[in-house]
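Each chain gets a letter, A, B and so on, in the order the sequences are listed, and its residues count up from 1.
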Number of protein chains: 2
Amino acid sequence: MSRPTLEKVAARAGVSRATVSRVVNGSTTVAEHIRVAVQRAVEELGYVPNQAARSLVTQRADSIALVFSEPPVRVFSDDPTFAGIIRGVSTEADAADKQVVLMLAGSSRGHERVERYTTSGHVDGVIVASMHGADPLPAALARRGIPVVCSGRPLTGSSLPYVDIDNVGGAESAVRHLLESGRRRIATIAGPPDMVAGIDRLTGYRNALRDSGRRSIIAIGDFTRDSGFEGMTQLLEDDPGLDAVFAASDMMALGALQALRRAGRRVPDDVAVIGYDDVPAAPYADPPLTTIRQPTMRMGRELARLLLSPGESSVILPTELVVRESA
Amino acid sequence: MSRPTLEKVAARAGVSRATVSRVVNGSTTVAEHIRVAVQRAVEELGYVPNQAARSLVTQRADSIALVFSEPPVRVFSDDPTFAGIIRGVSTEADAADKQVVLMLAGSSRGHERVERYTTSGHVDGVIVASMHGADPLPAALARRGIPVVCSGRPLTGSSLPYVDIDNVGGAESAVRHLLESGRRRIATIAGPPDMVAGIDRLTGYRNALRDSGRRSIIAIGDFTRDSGFEGMTQLLEDDPGLDAVFAASDMMALGALQALRRAGRRVPDDVAVIGYDDVPAAPYADPPLTTIRQPTMRMGRELARLLLSPGESSVILPTELVVRESA
DNA sequence: ATGCTGGCTGAGAGCGCTCTCACACGGAGG
DNA sequence: CCTCCGTGTGAGAGCGCTCTCAGCCAGCAT
């Protein structure tokens, strides 16, 4: 029971292969009655074009890869970023009639697999959603001649097109909010210094603080809850008089909340806390977490658009401060 | 700058296409010095086989699809199930040298897309990870002649191979734990009745209760936190004297915790709470949540194994009770 | 010498499709 | 009447690969 071919459909409809191909691909130069006959034959046989054969001649795959250059744990954590990106990319790809292929390239073996897969003609382009700005994958693919766009500004100095979210601006607005509500000793739990988001959010914090002439109090975390807990604990030791903390991720903010509780500080009365990402759990935190929301879905759309219509330039998307009760 | 073909490599190495093909595909019947020469040519030209051409003749794609028949929101929620499945499938597929293609088929349009993609020869088989047991997708694909395995027992009466987790047994052990610790009026917040996990966990609850001769107190939720909150609130009205609740998902348990707190009940002193799934947030709940852990990664591995070596029969995996402080 | 293996290699067909090009056909214009 | 054109349609090449098959050249037995 092999799948029917163009040839079979043509025979059944009493026309040539070329005509069936025209109908299947929606050419207008086919007489109405023939079109109908062919469509019936397609229907009856349950014909589906063989994509391999098609790709072979067209040199297109009509699909794009969305590569997550991270371990799956991270991708499927409660970070809404990835979900939003996927939704956005899917939406846009749908509109352009392209299929989206998700790939995980967590390990170095994964990198190699992705490279082989994408260079072997499976896809027309690749979106690399990597949080590590220094990821070598995008450049490697580009060198192979594959169209690539990155989510997040690449740290490799390559001039690849990218879509990023205004991390600096987001952090600035968070710290400004703290400043405006009268906080005077504002600490931060920064993200890892090898990720753009970590770097840029710290820059934003410093910018806002410098403008107001206050000194910075910094702990370094890695975006996880545990590192937030530890960071907060350390901060409290360093400067027991602090009255606000900006955590570079909600997960770290959640950890900080816990550390604060343990230390007997009330939030927001004694210490105001503000996070980043607006994860699903943020409104359920105790107290509900004030945070920075990112337009993740729009990011996905822009990524796809950038990949599909080359020549357009990189985009930086704005963030939004969501005020709840923690600050 | 088009990609080099077999022909080019052959010319450079001074051999025929066939020989290059043999080397690339690891045939042993090639003289050592020729093999080396060919490999050098491949290296120098950066040759990567054209997968479309290869598939066209071999009728294989060397990749499998992992389809999530759910809206992305659900897939990327803090439910660790999907992440585990993905990891497991990837591991097993890697070992068999197959590529994993993730696809989201949330909408009905998505279903159609997935059907077209998988039937057009892109993949050698499909794993459908769907929580709705009555999903028509698996059967539709099977009808098309594509090898399919399901995660979760299909509710459609089809005899497709599947891998499931022992939901009934898991729920039973949860309720038994409650019973053994002296609880007498044990309620449940059940999952939606159109999902296997919802149905089976309720069955398990009923089984355990029936064995002990106690009556059941039931609220219906949809696995979300909000529905857990509402379910608990309703349960408290229905039977203010209850001293334990088994929530069919951790998210619902988290919602229940919140409702309990609001109602002034102490956990576990007044009411014991036990969840299901062991989400990442479970140990951080207040109090840390006792729950049922599922071997999700193993599930992924079994799914891949089942797809890759047909003839083996469906599998049901055991669960594990994780005792923390809420029960 | 001749015949027979057995190990390597090359020639060539063909996978299912698209797309160019030639061609058939009816109607308008010379 | 023939030419010219526009509109559909079919023939056929070829995309890059795999794989069968034939052929070649040792080396050994006859």
Side-chain contact, heavy-atom cut-off 4.5 Å: A:Asp164 with A:Ser151?
->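 Result no, sub-4.5 Å side-chain heavy-atom pair not found.
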Set of residues satisfying side chain to side chain donor-acceptor pair (under 3.5 Å) with respect to [X], sequence neighbours excluded:
{"X": "B:Asn167", "value": "B:Arg201"}
{"X": "B:Arg22", "value": "none"}
{"X": "A:Ser314", "value": "none"}
{"X": "A:Thr58", "value": "none"}

Using a heavy-atom distance cut-off of less than 4.0 Å, which residues of residues 5-19 of chain B contact DNA chain D?
->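 The answer is B:Thr5, B:Leu6, B:Arg17, B:Ala18.
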Of residues 40-53 of chain B, the positions that come close to DNA chain D - non-hydrogen atoms, cut-off under 4.0 Å |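 Output list: B:Tyr47, B:Pro49, B:Asn50, B:Ala53.
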Hey, where on DNA chain D does chain B first and last touch, going 5' to 3'? Cut-off is any atom under 4.0 Å from a heavy atom.
-> D:dG16 to D:dC19
Give the angle between the helix axes at the two ends of the helix from C:dA1-D:dT30 to C:dG30-D:dC1, taking five base pairs at each end and rounding to 10°.
->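 That helix gives 70° between its end axes.
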With sequence neighbours excluded, what pairs up with A:Arg54 under the salt bridge (Lys or Arg N to Asp or Glu O under 4.0 Å) test?
-> none
Could you list the residues that satisfy salt bridge (Lys or Arg N to Asp or Glu O under 4.0 Å) with A:Asp62, not counting sequence neighbours?
-> A:Arg60, A:Lys98
Contacts to DNA chain C from residues 118-126 of chain B, heavy-atom cutoff under 4.0 Å, which residues?
->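 Heavy-atom contacts with DNA chain C come from no residue of residues 118-126 of chain B; none.
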side-chain hydrogen bond (donor to acceptor under 3.5 Å, both in side chains) pairs touching residues 29-38 of chain B, sequence neighbours excluded, are B:Ser27-B:Thr29, B:Glu32-B:Arg35
